[in-house]
Amino acid sequence: EGEFQSLADLCDRVAYPKDSRSDSRTVNRRALEALIQCGALDSFNANRNQLMHDLEVVLDWAQSRAKDREIGQGNLFDMMDGNGSGGGSTSGFESAPAAPPVEDFPPQEKLKLEKDLLGFYISDHPLKSVQKASKILAPVNLNELEEQSDKSTLSAIVMLTAVKPVTTKKGDRMAIVTMEDLTGSVEGVIFPKTFARIEEHIQLDARLMIWGKLDRSRDEQSPQIILDDAEPVETVQMVMVELEHQVAADIAHQHRLKTILLDHRDEDGPGKIPVVALITAHHQRQFVRLGSQFRVMDVQAAVNALNAQGFVARAAALCPANAS
């Protein structure tokens, strides 16, 4: 009978088909919900949450039409379609009920439903919304780890695709995880002391910024990352310092900037909050991530200190609210 034109058309033809020989069990409510949630019905309406709500009332409507057909009552549109007059292409589907308007699922929920149903993402990838920022804060992609030296420190923006809890012989809890970005995947190890501190973040499908060391002791060709810390991308912040190119090139200003940032490190070494310089020259702007030795412990304290010394600084989020 041609392409499906709407959710009502689909439900009328496959959930309660006119042909009694059809096996409607293959397209029950759960199957229709799965089609909506994985994006197969986006051509009807890209708002999948709206389709889910519409499905409730449309199925009842389609069932009522099927009962009418069983007792020979069919509606006017059915009869017009049956004898070929009046065009009949809509068959009354435009009169099908619809649920009150609702907002669509959040982007991450839509992707999670796709992954749960299909085993992979269809419409997008959860890390694409932070791809630009990740190139600044974590410039090394996972497919480039072979180029990094053993025990080198690194940061990366990843998603956890597998989490395996482990209990040591001493009874301590740790975890083995699989992490991926848009270029590849790598195994990560979280030892007990670190796991106790970041356990709440170690969840399947979590988007994290991780800090750790590259470890080749197990396999030279397939290194793993020993995690030292992790934070959800939604809460990651950075210190942004705006510099005119003349200021950035001035040794005295460089020394002042360096002194302030080093004063805001942890006593045991660099913090985990990155500092990014926004350098302006001839109406062009360039982001430059400062080295890991300049990472600070407290965003606001570092920003206040920089502003007090005449620099223009502010706190910035890795993942803006509208990119979640």
*Distance only, no hydrogens: is a donor on one side chain within 3.5 Å (strictly under) of an acceptor on the other, for E231 and T235?*
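Yes, a side-chain donor-acceptor pair sits under 3.5 Å.
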If you round to the nearest 0.5 Å, how far is [atom2] of [Y] from [atom1] of [X]?
{"X": "D104", "Y": "K110", "atom1": "CG", "atom2": "NZ", "answer": "4.0 Å"}
{"X": "H264", "Y": "Q300", "atom1": "NE2", "atom2": "CD", "answer": "10.5 Å"}
{"X": "N49", "Y": "I36", "atom1": "CG", "atom2": "CD1", "answer": "10.0 Å"}
{"X": "K258", "Y": "D263", "atom1": "NZ", "atom2": "CG", "answer": "11.5 Å"}
{"X": "T153", "Y": "D228", "atom1": "OG1", "atom2": "CG", "answer": "8.5 Å"}
{"X": "I210", "Y": "K272", "atom1": "CD1", "atom2": "NZ", "answer": "12.0 Å"}

Between [X] and [Y] (side chain of the first, backbone of the second, donor and acceptor by atom type, cut-off under 3.5 Å), is there such a pair?
{"X": "D215", "Y": "Q224", "value": "no"}
{"X": "D12", "Y": "A8", "value": "no"}
{"X": "D181", "Y": "V158", "value": "no"}
{"X": "N45", "Y": "L51", "value": "no"}
{"X": "E242", "Y": "V312", "value": "no"}
{"X": "T167", "Y": "G171", "value": "no"}
{"X": "E199", "Y": "R173", "value": "no"}
{"X": "S64", "Y": "W61", "value": "no"}
{"X": "E56", "Y": "H53", "value": "no"}
{"X": "R289", "Y": "I136", "value": "yes"}

*Would you call L227 and V189 a side-chain contact if the rule is heavy atoms closer than 4.5 Å?*
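Not in contact.
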How close do [X] and [Y] get, heavy atom to heavy atom, and via which atoms?
{"X": "V186", "Y": "P223", "answer": "CG2-O, 3.3 Å"}
{"X": "P126", "Y": "L111", "answer": "N-CD1, 3.6 Å"}
{"X": "L118", "Y": "C38", "answer": "CD1-CB, 3.9 Å"}
{"X": "T161", "Y": "M179", "answer": "OG1-N, 4.5 Å"}
{"X": "V299", "Y": "M238", "answer": "CG1-O, 4.3 Å"}
{"X": "P100", "Y": "Q50", "answer": "O-NE2, 3.3 Å"}

Give a yes or no on whether [X] atom [atom1] has more than 12 heavy-atom contacts from other residues, nucleotides or ligands under 6.0 Å away.
{"X": "K112", "atom1": "NZ", "value": "no"}
{"X": "Q286", "atom1": "CD", "value": "no"}
{"X": "E103", "atom1": "CD", "value": "no"}
{"X": "K213", "atom1": "NZ", "value": "no"}

*For the residue pair F311 and H253, categorise the inter-ring angle as parallel (less than 30°), tilted (30 to 60°) or perpendicular (more than 60°).*
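The arrangement is perpendicular - the two ring planes meet at more than 60°.
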*Quick one: ring pair (Phe, Tyr, Trp, His ring centres under 6.0 Å) pairs with a partner in residues 97-148, sequence neighbours left out?*
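Listed once each, the pairs are Y121-H125.
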*Does the pair V163 and Q203 meet the rule for a side chain to side chain contact (heavy atoms under 4.5 Å, CB included), with working shown?*
CA-CA 7 Å; V163 177; Q203 305 291 334; over 6 Å; no
_Let's go through L10 and F44 carefully: what are the C-alpha distance in whole Å and the side-chain angles of both, what is the deciding distance for side chain to side chain contact (heavy atoms under 4.5 Å, CB included) to 0.1 Å, and is it a yes or a no?_
CA-CA 10 Å; L10 178 67; F44 297 157; 4.3 Å; yes
*Could you walk me through whether Q254 and D250 pass side-chain hydrogen bond (donor to acceptor under 3.5 Å, both in side chains), step by step?*
CA-CA 6 Å; Q254 291 177 12; D250 185 271; over 6 Å; no
*Go through V276 and V239 one step at a time and tell me if the side chain to side chain contact (heavy atoms under 4.5 Å, CB included) criterion holds.*
CA-CA 6 Å; V276 176; V239 175; over 6 Å; no
*Apply salt bridge (Lys or Arg N to Asp or Glu O under 4.0 Å) to E114 and list each qualifying residue two or more places apart in sequence or on a separate chain.*
R48
_D229 and its salt bridge (charged side-chain N to carboxylate O under 4.0 Å, His left out) partner, picked from R295, K193, R197_ =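 Passing option: R197.
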